[in-house]
2 protein chains.
Amino acid sequence: MDQDLIKKIPHKTIQRLSQYRRALLLCFEQGKTHIFSHEIANLQHITAVQVRRDLMLIGYSGNLRKGYNIKDLIELIGKIIDSPNGQKVAIFGMGNFGRAISKYFSGRRSKLTIVAGFDVSPDKVGKEIVGIPCYHMDKAREIILQEGIKIGIITVPGDQAVETAKAMVEAGMKGILNYSPTPVEVPENVFLEEYDMVTSLEKVAFYVKEH
Amino acid sequence: MDQDLIKKIPHKTIQRLSQYRRALLLCFEQGKTHIFSHEIANLQHITAVQVRRDLMLIGYSGNLRKGYNIKDLIELIGKIIDSPNGQKVAIFGMGNFGRAISKYFSGRRSKLTIVAGFDVSPDKVGKEIVGIPCYHMDKAREIILQEGIKIGIITVPGDQAVETAKAMVEAGMKGILNYSPTPVEVPENVFLEEYDMVTSLEKVAFYVKEH
DNA sequence: TTTGCCCTGTTAATTAAATAACAAATTATG
DNA sequence: CATAATTTGTTATTTAATTAACAGGGCAAA
């Protein structure tokens with residue numbers, strides 16, 4: 001598929017494609033071969049129109065009577081969002097949060113592999129946590145360069161987030177997912193996604209209050 | 001402040017108000033009394049215009065020369081997003097993820113208090129985890145009604161999310177934050193927010209791949 | 001006093017995203 | 001064969017959110 005077209009796919013569509021794929025994988029495992037847009041929609045909180053629009057953007061055509069070929073669609077989504085040889089990921093902060101993420105990914109066949117964890121606590125450094133080797137934060141630069149890790153997840157406490165992000169950028173990382181409550185700065189060429197659980201919970205609380 | 005006006009505040013603004021407040025609390029602790037919109041903006045990934053627009057929506061007026069009064073602004077944001085008597089929150093699934101959230105909230109003076117955790121694992125039920133009593137999932141309905149809990153966070157594995165959400169709704173919960181990878185269904189009068197770490201990571205990976 | 005600067009507050013314009021609308025295609029059915 | 005029922009693919013419309021533009025106020029310095 002044309003690279004220029006891929007770049008024009010909206011952020012939200014990219015994220016939905018990832019969701020579609022997971023739902024499709026489940027269907028595929030159940031032996032289903034084809035699926036309609038409204039079936040995909042029903043598996044998520046999405047409308048059938050939205051699904052068809054997203055699939056139009058990636059240039060996939062379904063069968064008018066049978067719907068979409070699940071196997072083909074999974075493959076196409078993979079071609080768009082995955083890297084051919086996979087990508088390595090590192091986690092910064094192996095507390096409960098870091099371990100939760102590691103655990104979630106371990107054993108999952110995926111193009112994304114968590115290959116290293118970093119922490120400062122002596123009872124974690126040097127050990128394997130959920131099958132992932134845990135190194136001291138001081139070793140981060142070395143390991144990142146050595147392994148060619150380009151993606152990192154920040155799960156350190158808020159007061160360490162800024163320095164952690166700085167170190168990550170300096171070691172050449174190109175994508176950062178920041179789960180700490182503190183916003184971090186990155187250069188323009190580094191993709192940053194921040195998610196703060198507290199503000200999200202406060203939002204929920206607000207709308208509960210308002211009925 | 002007028003209730004009708006509050007309801008018209010965009011979702012994104014609500015979330016930003018929560019962010020502003022946290023940043024403002026830090027400034028306040030440092031002894032600062034006033035702050036300019038561009039200063040607030042610099043603490044987050046937000047523009048000064050956005051800040052002023054958000055504050056306009058909540059009807060707060062700053063001083064032309066000194067900027068915004070930090071104390072007053074913190075109070076006003078509190079009036080909008082907090083409930084006067086606070087709100088209780090329960091966590092469903094006390095694995096690493098559930099514990100991470102509990103730990104994060106414990107000790108934080110806030111109008112949101114996590115008062116109960118639910119799990120099925122015998123080595124968690126009956127114990128206190130980070131100061132939060134952990135009950136068996138079967139007790140959920142009872143505890144929720146007894147304590148009047150209206151907000152719940154789902155951190156159970158994906159295959160249990162749907163039934164968990166169902167139980168939460170049946171027990172009268174009005175707000176659900178679903179961190180499991182499986183979308184759940186709720187009635188219209190229940191506010192639902194879903195966040196999936198895997199799709200977010202895949203999005204980051206996608207944009208890293210595309211430089 | 002007057003000029004210039006740097007704020008706020010608000011309206012206008014732009015962009016991004018979701019929704020609606022509908023033509024075209026295909027199969028089943030009478 | 002014609003009609004009805006579905007479903008896809010695409011364009012048009014609407015809505016939501018962000019960004020730009022700018023009027024107006026107040027202080028400082030000349």
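We use all heavy atoms of the structure for the numbers below, so side chains are in, but hydrogens, waters and symmetry mates are not. Per chain, numbering begins at 1; letters A, B, ... match sequence-line order.
- S61(B) comes within 4.0 angstrom of sugar-phosphate atoms only, judged by non-hydrogen atoms across all strands, and of no base.
- Put simply, CE on M56(B) is 15 Å from C1' on dA23(D), counting in whole angstrom units.
- The distance between atom NE2 of H45(B) and atom P of dT19(D), rounded to the nearest whole Å, is 13 Å.
- Between S37(A) and the phosphate of dT7(D), there is no side-chain N or O to OP1/OP2 separation shorter than 4.0 Å.
- Counting atom types as modelled, R53(B) pairs a side-chain N or O with a base atom of dT19(D) as donor and acceptor under 3.5 Å.
- With rounding to whole Å, I35(A) atom CD1 is found 10 Å from dT8(D) atom P.
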Q: Tell me, with the steps shown, if R21(A) and L25(A) meet side-chain contact (heavy atoms from CB on, under 4.5 Å).
A: CA-CA 6 Å; R21(A) 176 164 66 172; L25(A) 280 166; 4.0 Å; yes
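- If you look at Y68(A) and F36(A), their ring centroids are not closer than 6.0 Å.
- With no hydrogens or angles considered, no side-chain donor-acceptor pair links T164(B) and Q160(B) at under 3.5 Å.
- Within the 4.0 angstrom heavy-atom criterion, only backbone atoms of the sugar-phosphate kind lie near H38(A); the bases stay farther away.
- Look at CD on Q15(B): it is 15 Å from C1' on dA16(D), rounded to the nearest Å.
- Mapping R52(A) and L64(A) onto DNA chain C by nearest heavy atom places R52(A) at the nucleotide closer to the 5' end.
- Using a cut-off of 4.0 Å between Lys/Arg side-chain N and Asp/Glu carboxylate O, K32(A) and E39(A) are scored as salt-bridged.
- Taking atom CG of residue D54(B) and atom P of nucleotide dT19(D), one finds them 11 Å apart after rounding to whole Å.
- When the P atom of dA16(D) is taken as reference, atom CZ of R16(B) falls 15 Å away, rounded to whole Å.
- Nucleotides of DNA chain C with any atom under 4.0 Å from a heavy atom of chain A span, from 5' to 3', dA17(C) to dT27(C).
- Between the side chain of D119(A) and the backbone N or O of M94(A), at least one donor-acceptor pair lies under 3.5 Å.
- Rounded to whole Å, the distance from CZ on R65(A) to C1' on dA5(D) is 7 Å.
- No side-chain donor-acceptor contact under 3.5 Å links N178(A) and Y195(A).
- A donor-acceptor pair is defined here as one N or O able to donate and one able to accept, closer than 3.5 Å; no such pair exists between the side chain of T13(B) and the backbone of I9(B).
- Place N63(A) and Q50(A) on DNA chain C by their nearest nucleotides, and Q50(A) ends up nearer the 5' end.
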